Amino acid sequence: MLMKNVKNAKKTRKEKVEEPYTLKRFLIDTVQVVGSALVLTFLLLIFIQPSIVSGPSMQPTYYSKDFLILWRHGDIKRNDIIAFDSNNPTHDDYIKRVIAIEGDHLVISDSIVTINGEVIDEPYIKESTFKGEIDMTISENCVFVMGDNRNDSHDSRVMGEINLDDVIGKVVINFNKLFR
């Protein structure tokens with residue numbers, strides 16, 4: 001009995017004839033490919049955003065025309081590099097390093113940055129001497145940012161704290177460094 005079913009199954013497989021590729025099949029395949037591409041694009045735009053650096057304020061970490069990918073979600077921590085809306089009349093987007101987060105006590109004096117009583121090590125900065133005397137506690141839902149090129153950076157020393165609602169995303173990839 002078992003042998004007979006196996007033989008019938010083999011016949012059924014051999015007897016299957018491939019269906020011709022019809023216009024209907026073509027349209028279904030096209031809709032599936034285009035639909036998948038649109039869904040993937042939509043999801044990528046929710047989570048990531050491209051950005052291009054303009055200006056010297058983040059040198060030597062990033063240079064003008066570096067192509068960056070920003071991650072739009074997640075917590076912002078000290079030392080993250082973020083892009084944010086400057087809220088100036090032209091709504092320029094800036095890229096800066098997060099120096100202090102909400103609740104931190106920040107003191108900047110004689111080019112030394114202290115957070116919560118501890119001097120922070122900043123091997124990434126271009127100049128070891130820079131302007132700015134600050135003594136403040138960072139407000140709720142805000143961060144304090146500075147450029148790595150401290151003498152040529154329009155940052156929180158001038159603009160004040162950055163509201164987290166203005167953050168576009170944090171830098172996760174620099175394509176220019178990948179291909180240098």
Side-chain angles (χ1 to χ4, degrees), residues 41-180:
T41 301
F42 177 72
L43 287 173
L44 286 175
L45 290 175
I46 288 173
F47 292 105
I48 66 170
Q49 175 166 338
S51 185
I52 297 176
V53 176
S54 176
S57 73
M58 283 302 292
Q59 290 177 2
T61 306
Y62 299 122
Y63 292 88
S64 225
K65 298 184 182 171
D66 277 359
F67 183 74
L68 309 174
I69 295 295
L70 308 174
W71 183 253
R72 292 174 157 263
H73 300 278
D75 294 334
I76 304 296
K77 300 179 296 275
R78 271 186 231 105
N79 235 12
D80 284 345
I81 298 174
I82 62 170
F84 59 93
D85 181 347
S86 65
N87 287 316
N88 64 15
T90 57
H91 284 279
D92 296 325
D93 294 343
Y94 287 172
I95 295 175
K96 306 289 180 199
R97 185 178 301 271
V98 175
I99 301 302
I101 58 175
E102 78 175 63
D104 282 347
H105 180 237
L106 171 70
V107 176
I108 301 174
S109 180
D110 295 326
S111 302
I112 297 171
V113 179
T114 305
I115 298 174
N116 302 325
E118 292 186 33
V119 175
I120 62 171
D121 183 31
E122 298 184 292
Y124 44 78
I125 64 172
K126 184 172 182 177
E127 301 286 334
S128 60
T129 58
F130 53 89
K131 299 173 188 163
E133 298 289 323
I134 294 173
D135 187 344
M136 67 183 293
T137 299
I138 308 306
S139 303
E140 186 177 342
N141 203 41
C142 291
V143 292
F144 190 94
V145 298
M146 292 170 61
D148 290 355
N149 184 359
R150 301 284 163 83
N151 287 329
D152 196 6
S153 178
H154 187 80
D155 51 37
S156 287
R157 293 172 293 167
V158 176
M159 296 184 293
E161 300 168 310
I162 305 302
N163 191 300
L164 290 176
D165 294 336
D166 293 328
V167 173
I168 298 163
K170 62 182 169 181
V171 177
V172 290
I173 297 173
N174 178 356
F175 278 106
N176 294 60
K177 282 191 179 179
L178 288 176
F179 301 111
R180 279 188 196 154

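Worth knowing before you read on, the calculation uses all heavy atoms, side chains too, and leaves out hydrogens, waters and symmetry mates. Quick caveat: nothing in here was measured; it's all calculated off a predicted structure.
- Between V98 and F84 there is no side-chain heavy-atom pair separated by less than 4.5 Å.
- Note on residues 81-101: pairs passing salt bridge (Lys or Arg N to Asp or Glu O under 4.0 Å), not counting sequence neighbours, are R97-D148.
- Contact record, F130 with V113: CZ-CG2, 3.9 Å, taken as the closest heavy-atom pair.
- Side-chain contact between K65 and N176 is absent, with no heavy-atom pair separated by less than 4.5 Å.
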Decide side-chain contact (heavy atoms from CB on, under 4.5 Å) for Y94 and D166; before the verdict, give the C-alpha distance in whole Å, the side-chain angles of both, and the deciding distance to 0.1 Å. CA-CA 10 Å; Y94 287 172; D166 293 328; over 6 Å; no
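- A heavy-atom distance below 4.5 Å is found between the side chains of Y62 and I81.
- Under the 3.5 Å distance criterion, the side-chain polar atoms of T114 are left unmatched by any main-chain donor or acceptor of E118.
- Here CD1 of I108 is found 8.5 Å from CD1 of I115. Values are rounded to the nearest 0.5 Å.
- Here the shortest heavy-atom pairing between I69 and F67 reads CD1-CE2, 4.1 Å.
- The side-chain heavy atoms of R150 and T129, taken from C-beta on, include no pair separated by under 4.5 Å.
- How far CD1 of I173 is from OG of S51: 13.0 Å, rounded to the nearest 0.5 Å.
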Pair up each side-chain donor or acceptor in residues 136-146 with any protein partner under 3.5 Å, not counting sequence neighbours, and list the distances.
residue	atom	partner	partner atom	Å
S139	OG	E161	OE1	2.9
S139	OG	E161	OE2	3.3
N141	ND2	N163	OD1	3.2

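- Atom CD1 of I76 and atom CG of N79 lie 12.5 Å apart (nearest 0.5 Å).
- Listed by first and then second residue, the salt bridge (Lys or Arg N to Asp or Glu O under 4.0 Å) pairs involving residues 68-78 are R78-D104 (not counting sequence neighbours).
- Across all their heavy atoms, D110 and E133 have their closest contact at N-OE2, 3.1 Å.
- Rounding to the nearest 0.5 Å gives a distance of 8.0 Å between CH2 of W71 and CD1 of I48.
- Of all the heavy atoms in G55 and S64, the pair that sits closest is N-OG, 2.9 Å.
- The two residues I99 and L106 come nearest to each other via the heavy atoms CG2-CD1, 4.2 Å.
- The heavy-atom pair separating S57 from I95 by the smallest distance is OG-O, 4.2 Å.
- Residues V171 and M58 are not in side-chain contact: their nearest non-hydrogen atoms beyond the backbone lie 4.5 Å or more apart.
- Checking side-chain atoms of N149 against main-chain N and O of P56 turns up a donor-acceptor pair under 3.5 Å.
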Test N151 against K126 for side-chain contact (heavy atoms from CB on, under 4.5 Å), laying out the working first. CA-CA 8 Å; N151 287 329; K126 184 172 182 177; over 6 Å; no
